Trainee: 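Handing you this structure, nothing more for now.
On a predicted model such as this, the values are computed, not experimentally measured, just so you know.
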Amino acid sequence: MSPLTPSQRWSALLALALGGFAIGLTEFVAMGLLPDIARSLLPTLYARSTSQAVAHAGWMISVYALGVVIGAPLFAALTARLPRKKILLGLLVIFIVGTAASAAAPTFGLVLAARFVAALPHGAYFGAAGLVAASIMGPGSHGKGFAVSLGGLTVANVVGVPAITHIGQTAGWRVAYLIIAVIFALTLFAVLATVPSVAAHPNGSARSELRAFRAPQVWLVAGIASIGFGGFFAIDSYIAPVTTHVAGLSASTVPWVLVAVGLGMTIGNAAGGWASDRDLRRAMLTGFLAFIVSMVVFALVAHWPAGLFLGAFLVGAASLFLGPAMQSRLIQVAPGAQMMGAAVNQSAMNIANSLGALLGGVVIAGGLGYVAPSWVGVGLGLTGFALAGVSFALESSARRATTATGETTPLPEPTKGR
């Protein structure tokens, strides 16, 4: 990559972040519009049972997550030999088509299919954008590079998701998705104009990327993200009914609760990028502890309006503090397959999305109330923390064994001072 001026560097980073902003909209706007979507697409069920219809509409979230899970490793393997900028442009075209189809599809089944298509490029975009951002920012900036690409997503949750949610509540949820498709089109032109060409890995191939799955740590770290992060989605997927049915606030308050979530995510993401570049192990372990505590606080105080806003902010901050750390950890344990490591993290996060939304819907449909998903999240967070401890313990044990025997088997680079 040729040297860039400061203005060129920031223009490229902003273009990459704009893509994350649009992805944040397409992924999270459904969470604030679930009651509207359920009323529009499932009118018979909605008339019979609002909670059942909302839980059923939650499949939009789960299907999107499934698309990310499948698409991320698939595109990482298929695009291993392609320059990063070409990858980004192709993925943005798929986003535009899938999101526009989501707005136009006439039935619930077709909307689900469109959401699946729109989700396929999600993980690969964050993987490619994060690697390009890290290249632009220079060596030792993996955490900060991925924080930049995720930064657009967090800003989306501060201003974009609440604004689009409000538009969806007043003009219709289909209008909301059409606006998101337009933002993806703007991102396409911004990336085309500002992002420099970044060559593919010189030894990149589908085989080399798929080789990452031979490493047990890749599976273990993916499991940490898949399970441990599920608590965020168990809570955020049903933030609208918690606001209206638990805290007793009006539907017009939902966007402001989403602002609280987004502010927390923005602060947590920035802090997490800095912390993971300094000491990845500490960032992950302390991040999980803070995440668990935040979900307990949310469950205990969400019944009060002030408590709802505080709890939503804390859950957003603690969850996204873990984002850059999880991304950096998967790249660390998948040497030689950076795209796959970056993409698998997005697959894992969206397994968490699907798992959290599904389990949250199960306890709600079971009559346990809209706060019950918070306690599901605590259990998922505790499991993730335990698995993170196992991952680092195995790494330390392998290092000691290698030192004792004098073997030269390559191991992941140290977790401090990356």
Side-chain angles (χ1 to χ4, degrees), residues 16-34 36-38 40-41 57-76 78-79 87-129 149-150 152-153 156-157 160-161 163-165 167-168 172-191 233 236-237 342-343 345-354 356-358:
L16 295 172
L18 181 60
F21 179 83
I23 293 173
L25 295 180
T26 200
E27 180 177 16
F28 290 109
V29 75
M31 296 169 182
L33 294 175
L34 276 185
D36 303 88
I37 293 169
S40 170
L41 296 176
W59 277 102
M60 283 188 64
I61 299 168
S62 298
V63 164
Y64 185 91
L66 178 64
V68 179
V69 171
I70 294 173
L74 177 65
F75 279 114
L78 293 178
T79 61
I87 296 173
L88 292 171
L89 294 173
L91 296 174
L92 286 166
V93 170
I94 300 173
F95 273 126
I96 295 167
V97 173
T99 307
S102 301
T107 66
F108 185 62
L110 290 176
V111 170
L112 290 182
R115 297 309 297 145
F116 179 81
V117 172
L120 290 173
H122 176 124
Y125 180 88
F126 276 121
S149 62
L150 288 171
L153 184 147
N157 280 275
V161 172
I164 296 295
T165 298
I167 292 172
W173 64 270
R174 294 183 186 277
V175 174
Y177 279 108
L178 281 176
I179 293 172
I180 297 168
V182 170
I183 296 173
F184 273 121
L186 293 175
T187 303
L188 176 69
F189 290 114
V191 170
F233 295 102
D236 201 49
S237 297
N345 183 59
Q346 293 301 316
S347 289
M349 291 295 185
N350 280 272
I351 290 175
N353 187 340
S354 182
L358 176 63

Trainee: Working to the nearest 0.5 Å, report the span between CG of L89 and CG of L188.
Mentor: 5.5 Å

Trainee: State, to 0.1 Å, how close A118 and G98 come at their nearest heavy-atom pair, and which atoms those are.
Mentor: CB-C, 3.7 Å

Trainee: Roughly how far, to the nearest 0.5 Å, is the CG atom of L112 from the OH atom of Y64?
Mentor: 14.0 Å

Trainee: Are any non-hydrogen side-chain atoms of W173 and L41 less than 4.5 angstrom apart?
Mentor: yes

Trainee: Can you tell me how far apart CD1 (I37) and CH2 (W59) are? Round to the nearest 0.5 Å.
Mentor: 15.5 Å

Trainee: Are the side chains of L74 and L120 in contact, using a 4.5 Å heavy-atom criterion?
Mentor: no

Trainee: What is the distance from atom CG of L34 to atom OG1 of T165, rounded to the nearest 0.5 Å?
Mentor: 10.0 Å

Trainee: Heavy atoms only: give me the nearest A100-A181 pair and the separation to one decimal.
Mentor: N-CB, 4.0 Å

Trainee: For residues A124 and F75, report the shortest heavy-atom separation together with the two atoms involved.
Mentor: CB-CB, 3.6 Å

Trainee: Are the side chains of Y177 and V29 in touch, meaning some heavy atoms are under 4.5 Å apart?
Mentor: yes

Trainee: Verify, without hydrogens or angle tests, whether R115 (side chain) and T26 (backbone) share a donor-acceptor contact under 3.5 angstrom.
Mentor: yes

Trainee: Ignoring hydrogens, what is the shortest heavy-atom contact between A129 and L16? Give both atom names and the distance.
Mentor: O-CD1, 3.9 Å

Trainee: Over 60° means perpendicular and under 30° means parallel, so tell me whether F95 and F184 are parallel, tilted or perpendicular.
Mentor: parallel

Trainee: Please report the interatomic distance CG(L25) to CD1(I164), rounded to the nearest 0.5 Å.
Mentor: 5.5 Å

Trainee: Answer yes or no: is there a side-chain heavy-atom contact under 4.5 Å between T187 and F21?
Mentor: no

Trainee: Using 30° and 60° as the class limits, which term best fits the ring planes of F28 and F233: parallel, tilted or perpendicular?
Mentor: parallel

Trainee: Nearest heavy-atom pair of L110 and P106: which atoms, and what distance?
Mentor: CD1-CD, 3.7 Å

Trainee: Between T99 and I183, is there a side-chain heavy-atom distance shorter than 4.5 Å?
Mentor: no

Trainee: Looking at every heavy atom in both I87 and A128, which two are closest together, and how far apart are they?
Mentor: CG2-CB, 4.2 Å

Trainee: Nearest 0.5 angstrom please: F116 CZ to S102 OG, how far?
Mentor: 12.5 Å

